[in-house]
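Before we start, here is the structure in question, set down as structure tokens.
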Amino acid sequence: MVDRAPKVGDHISTLDTPSMIVDLDVMEANIAKLFKQLLPTGVNIRPHSKTTKSAILAQKLVDAGAKGGCVAKLSEAEVMCEKGFTDLLITCEIIGAPKVQRLVELFRKYKSIRIVVDSEVGAKAINDALEESGIEKPITTLIDLDVGLHRTGVQPGEPALALAKVVADCKHLRLIGVQGYEGHLQHVHGREERKQQCLESMAILTQTAEALREAGHNIEVVTTGGTGTAEFCVTVPGVTEVQPGSFLFMDTDYRNAVGSFYSHSLFILSTILSKQGPKIITIDAGLKSLTTDSGFAECKTLGYTYGVLGDEHGSLSWEDDALELKIGDRVEMVPSHIDPTINLHDVYYAHRKGVIEEIWPVDTRGKVQ
Ligand code: PLP
Ligand code: MN
């Protein structure tokens, strides 16, 4: 059998479609921009791998100056650790017996993982399971604080102080800090508006950190921020770490909100399958290749309008005759929401000027637990 699997050195024009491709020059420029802007502040950068789902990319970011990484879910942490990337903060609460047991087993092997808690019941369940496990080392723990997102996080003030006391009394948890993610602000349009709202959230976060210190707790880490706000978070005294993720690749939703400081570097390569009229064709990228929760994807070449035709199909229409597309032509589509789009694909084909340089698996694809 002839091996037809794409290889390093192949041109992207030889790839089957739909395929996820990354323009390395643009991605590397995005990484350089982020580190140039944020590193001189002295705040640690712990990029969020919920976007890339790739141990190779997490390591590339460490090589560029990051300090560790984040994952959203425990099952992502399991995969990343097996791939050798172990300096991880799991940013979602770990609740329920099956997950707590998995956490214990992961921690038994990888003592560097960090967790967050936002409830007494959650903290105590992990503490009890660790007590039973016989593992002596306590697990590094942060209090997850609600700074306005109202997704997870204990409320500031008394509730946060009460939870910190619970955690401090848990022998198998070692309290090191606070996480306060202001996810509701990442896509606020207008830089000044986003900045003002971010600074308000940061005040809640840093004042709570200070109150916990005054109550005698060890708060070394104050972690927050995403692509849309990290530049503001790092200016706030008391913030020690930021967690941006989407900046590597960007998407149309982010670009529409925060502008083009970072550029689109990831595209879904797609083939024109059928002509449905003088100015409308069908491509092989539908709901299984591009997500729609944040609006429709765009074509990289301006002038086309994309529409979903189903699971496997999408349409492109145009007004300008010069944009005529024929069956067999290819287009590059710009995702509207990068994290769930990447979760639809097995591999990245990373190319420079069309020549594939690296092929990265999407390691934590489907790891939603
Ligand atoms: N931190 C947490 C806890 C998140 O949930 C997210 C994204 O949802 C991020 C950081 C990264 O945000 P972004 O991809 O917007 O940079
Ligand atoms: Mn997202």
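Being a predicted model, the structure only gives us computed values, none of them experimental. Atoms within a ligand are numbered from 1 in the order they appear, just like the ligands themselves.
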Exercise. Would you call the rings of Y262 and F247 parallel, tilted or perpendicular if under 30° counts as parallel and over 60° as perpendicular?
Worked result: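 Rings of Y262 and F247: tilted, 30 to 60°.
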Exercise. Hey, mind stepping through E76 and K53 against salt bridge (Lys or Arg N to Asp or Glu O under 4.0 Å) and telling me if it holds?
Worked result: CA-CA 8 Å; E76 294 179 313; K53 299 165 190 64; 5.5 Å; no
Exercise. Hey, which protein N/O/S atoms does the Mn ion (ligand 2) have under 2.8 Å?
Worked result: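 Listed by chain and number, the atoms are H337 NE2, D339 OD1.
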Exercise. Looking at CD1 of I283 and CG of L325, how far apart are the two atoms once the value is rounded to the nearest 0.5 Å?
Worked result: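 I283 atom CD1 to L325 atom CG measures 9.5 Å (nearest 0.5 Å).
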Exercise. Distance from S133 atom OG to Q101 atom CD, nearest 0.5 Å?
Worked result: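 With rounding to 0.5 Å, OG (S133) is 8.5 Å from CD (Q101).
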For this session: Measure the spacing between NZ of K367 and CD of E78 and express it to the nearest 0.5 Å.
Result: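 Between atom NZ of K367 and atom CD of E78 there are 8.0 Å.
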Problem set entry | Pair E319-T305, side-chain contact (heavy atoms from CB on, under 4.5 Å): steps then yes or no | CA-CA 9 Å; E319 297 293 324; T305 304; over 6 Å; no
For this session: Report yes if some heavy atom in the side chain of F249 is under 4.5 Å from a heavy atom in the side chain of T52; otherwise report no.
Result: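 In short, these two side chains touch, coming nearer than 4.5 Å.
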For this session: Rounded to the nearest 0.5 Å, what's the gap from CD1 on I139 to CD1 on I90? Could you check?
Result: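 One finds 7.0 Å between CD1 of I139 and CD1 of I90.
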Run through all N or O atoms in ligand 1 and write down each protein N or O closer than 3.5 Å, as a pair with its distance.
from: ligand 1; atom 1: 1 (N); to: Q243; atom 2: OE1; distance (Å): 2.6
from: ligand 1; atom 1: 5 (O); to: R151; atom 2: NH2; distance (Å): 3.1
from: ligand 1; atom 1: 8 (O); to: K50; atom 2: NZ; distance (Å): 3.0
from: ligand 1; atom 1: 12 (O); to: Y181; atom 2: OH; distance (Å): 3.3
from: ligand 1; atom 1: 14 (O); to: S246; atom 2: N; distance (Å): 3.0
from: ligand 1; atom 1: 14 (O); to: S246; atom 2: OG; distance (Å): 2.6
from: ligand 1; atom 1: 15 (O); to: Y254; atom 2: OH; distance (Å): 2.5
from: ligand 1; atom 1: 16 (O); to: T227; atom 2: N; distance (Å): 2.7
from: ligand 1; atom 1: 16 (O); to: T227; atom 2: OG1; distance (Å): 2.6
from: ligand 1; atom 1: 16 (O); to: G245; atom 2: N; distance (Å): 2.7
from: ligand 1; atom 1: 16 (O); to: S246; atom 2: N; distance (Å): 3.3

For this session: May I ask you to check if K109 and F107 form a cation-pi contact, with NZ or CZ under 6.0 angstrom from the six-membered ring centre and within 45° of the axis?
Result: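 Geometry flag: not set, cation outside 6.0 Å or 45°.
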